[in-house]
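The next block holds one structure in the form of structure tokens; read it before the comments.
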Amino acid sequence: MPRLTLLDLKNQVYSRLEDNTLMYSGTEITNAINDGLRTLNMMCGWYQKTYSVPGGGNTVAGRVIYDTPTEILFPQRVVWAGKVLEKSPLGQTSNEWPNWMKDTSDNTGTPTSRWVPIGITKFAIHPADSLGGATLQVTGIANPDILVNDTDIAYIPKEGVTAVVDYAAHAVQCKL
């Protein structure tokens, strides 16, 4: 993935704006670049990170629903005790396991094997870990770091550089 500094990106945006530094301030360009990075990252998922669940990073005995770490915008994968869990839609889980909210690894005889997204801020595991204490990690799309200084670095796939630069150039022109 190419490494571009904020200055590199600003120069590319200014080149699309005919180098008009009087009409478009550096702050406007920087804000538009950061907005473009965040918006396109949500669609493309360039920045993905893994975090432990809040509250110690471990499961709680019998607990079904957990919070998605705040650093993650969209959860994409959940790992329980080093094992990647199968993603299961809420409707399908409710149809196949009508008592899924009460199921534990103890009363079903099977270990935790799936995760159920509940919006973007919560998820459930099924069956719930009856012992607790297992590590629980979530991987998902995370916000890129905000670029402030001209030397700050953004990692963007080469096919995404044009999209970010064009987005920023169009965004600053909307003030007209």
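We number each residue from 1, following the sequence as shown.
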Give the C-alpha distance, both sets of side-chain angles, the deciding distance and a yes or no for side chain to side chain contact (heavy atoms under 4.5 Å, CB included) between Phe123 and Val53. CA-CA 10 Å; Phe123 68 93; Val53 291; 3.7 Å; yes
Indicate if [X] and [Y] have the same hydrophobic cluster label, given that clusters are the connected sets of ILVMFWY residues with side-chain heavy-atom separations under 4.5 angstrom.
X	Y	value
Trp80	Val116	no
Met101	Ile118	yes
Ile33	Met43	yes
Leu90	Trp115	no

Report all side-chain donor-acceptor pairs from residues 161-169 shorter than 3.5 Å, counting only partners two or more places apart or in another chain.
{"from": "Asp166", "atom 1": "OD1", "to": "Arg16", "atom 2": "NE", "distance (Å)": "2.5"}
{"from": "Tyr167", "atom 1": "OH", "to": "Asp35", "atom 2": "OD2", "distance (Å)": "2.8"}
{"from": "Tyr167", "atom 1": "OH", "to": "Thr39", "atom 2": "OG1", "distance (Å)": "3.4"}

Taking every non-hydrogen atom, the tightest pair across Leu37 and Ala154: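 Shortest heavy-atom contact: CD1-CB, 4.2 Å.
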So which heavy atom on Ala142 is nearest to which on Asn41, and how close?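 Ala142 and Asn41 have their closest heavy atoms at O-ND2, 2.7 Å.
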In the hydrophobic clustering that connects Ile, Leu, Val, Met, Phe, Trp and Tyr at side-chain heavy-atom distances below 4.5 Å, which members other than Met42 occupy its cluster, ordered by chain and number?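 Grouped by the 4.5 Å side-chain rule, Leu73, Phe74, Ile120, Ile141 form the rest of the cluster around Met42.
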Remaining members of Leu131's ILVMFWY cluster at a side-chain heavy-atom cut-off under 4.5 Å?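 None; Leu131 is a cluster of one.
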For the residue pair [Y] / [X], report whether a side-chain donor-acceptor contact shorter than 3.5 Å exists.
X	Y	value
Thr108	Thr110	yes
Ser130	Ser105	yes
Thr93	Ser88	yes

In this structure, are over 12 heavy atoms from other groups packed under 6.0 Å from Glu159 atom CD?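 Counting neighbours around CD of Glu159, more than 12 heavy atoms of other residues, nucleotides or ligands fall under 6.0 Å, so yes.
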More than 12 foreign heavy atoms under 6.0 Å from NZ of Lys83: is that the case here?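 More than 12 heavy atoms, drawn from other residues, nucleotides or ligands, come within 6.0 Å of this atom.
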Sidechain-backbone polar pair: [X] side chain, [Y] backbone, donor-acceptor under 3.5 Å:
X	Y	result
Asp152	Leu6	no
Tyr47	Tyr155	yes
Gln48	Gly45	yes
Asn34	Thr30	yes

Would you tabulate the side-chain donor-acceptor contacts of residues 54-67 under 3.5 Å, counting partners in other chains and residues two or more places apart, or write 'none'?
{"from": "Thr59", "atom 1": "OG1", "to": "Asp129", "atom 2": "OD2", "distance (Å)": "2.7"}
{"from": "Thr59", "atom 1": "OG1", "to": "Gly133", "atom 2": "N", "distance (Å)": "3.2"}
{"from": "Thr59", "atom 1": "OG1", "to": "Ala134", "atom 2": "N", "distance (Å)": "3.1"}
{"from": "Arg63", "atom 1": "NE", "to": "Ile65", "atom 2": "O", "distance (Å)": "2.7"}
{"from": "Arg63", "atom 1": "NH2", "to": "Ile65", "atom 2": "O", "distance (Å)": "3.3"}
{"from": "Tyr66", "atom 1": "OH", "to": "Val60", "atom 2": "N", "distance (Å)": "2.9"}
{"from": "Tyr66", "atom 1": "OH", "to": "Val60", "atom 2": "O", "distance (Å)": "3.4"}
{"from": "Asp67", "atom 1": "OD1", "to": "Lys122", "atom 2": "NZ", "distance (Å)": "2.3"}

Hey, could you give me the [atom1]/[atom2] distance between [X] and [Y], rounded to the nearest 0.5 Å?
X	Y	atom1	atom2	answer
Ile156	Leu40	CD1	CG	9.0 Å
Asn107	Thr104	CG	OG1	3.5 Å
Lys10	Leu4	NZ	CG	14.0 Å
Ile153	Leu9	CD1	CG	11.0 Å
Leu17	Glu28	CG	CD	10.0 Å
Leu85	Gln137	CG	CD	11.5 Å

Close side-chain approach of [X] and [Y], heavy atoms under 4.5 Å:
X	Y	result
Val138	Tyr51	no
Ile29	Tyr14	yes
Leu136	Val78	yes
Arg38	Asn143	yes

Test log, rule side chain to side chain contact (heavy atoms under 4.5 Å, CB included), inputs Val79 and Val84: CA-CA 4 Å; Val79 177; Val84 177; 4.1 Å; yes
Can you sort out the partners of Trp100 under ring-ring contact (aromatic ring centres under 6.0 Å, His included), two or more places apart, ordered by chain and number?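 Not a single residue meets the ring-ring contact (aromatic ring centres under 6.0 Å, His included) criterion with Trp100.
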Using the test side chain to side chain contact (heavy atoms under 4.5 Å, CB included), find all partners of Asp145 that sit at least two apart in sequence or belong to another chain.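 Side chain to side chain contact (heavy atoms under 4.5 Å, CB included) list for Asp145, sorted by chain: empty.
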Could you point out which residue of His126, Glu96, Glu86 forms a side chain to side chain donor-acceptor pair (under 3.5 Å) with Arg114?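 Among His126, Glu96, Glu86, the one that satisfies the side chain to side chain donor-acceptor pair (under 3.5 Å) with Arg114 is His126.
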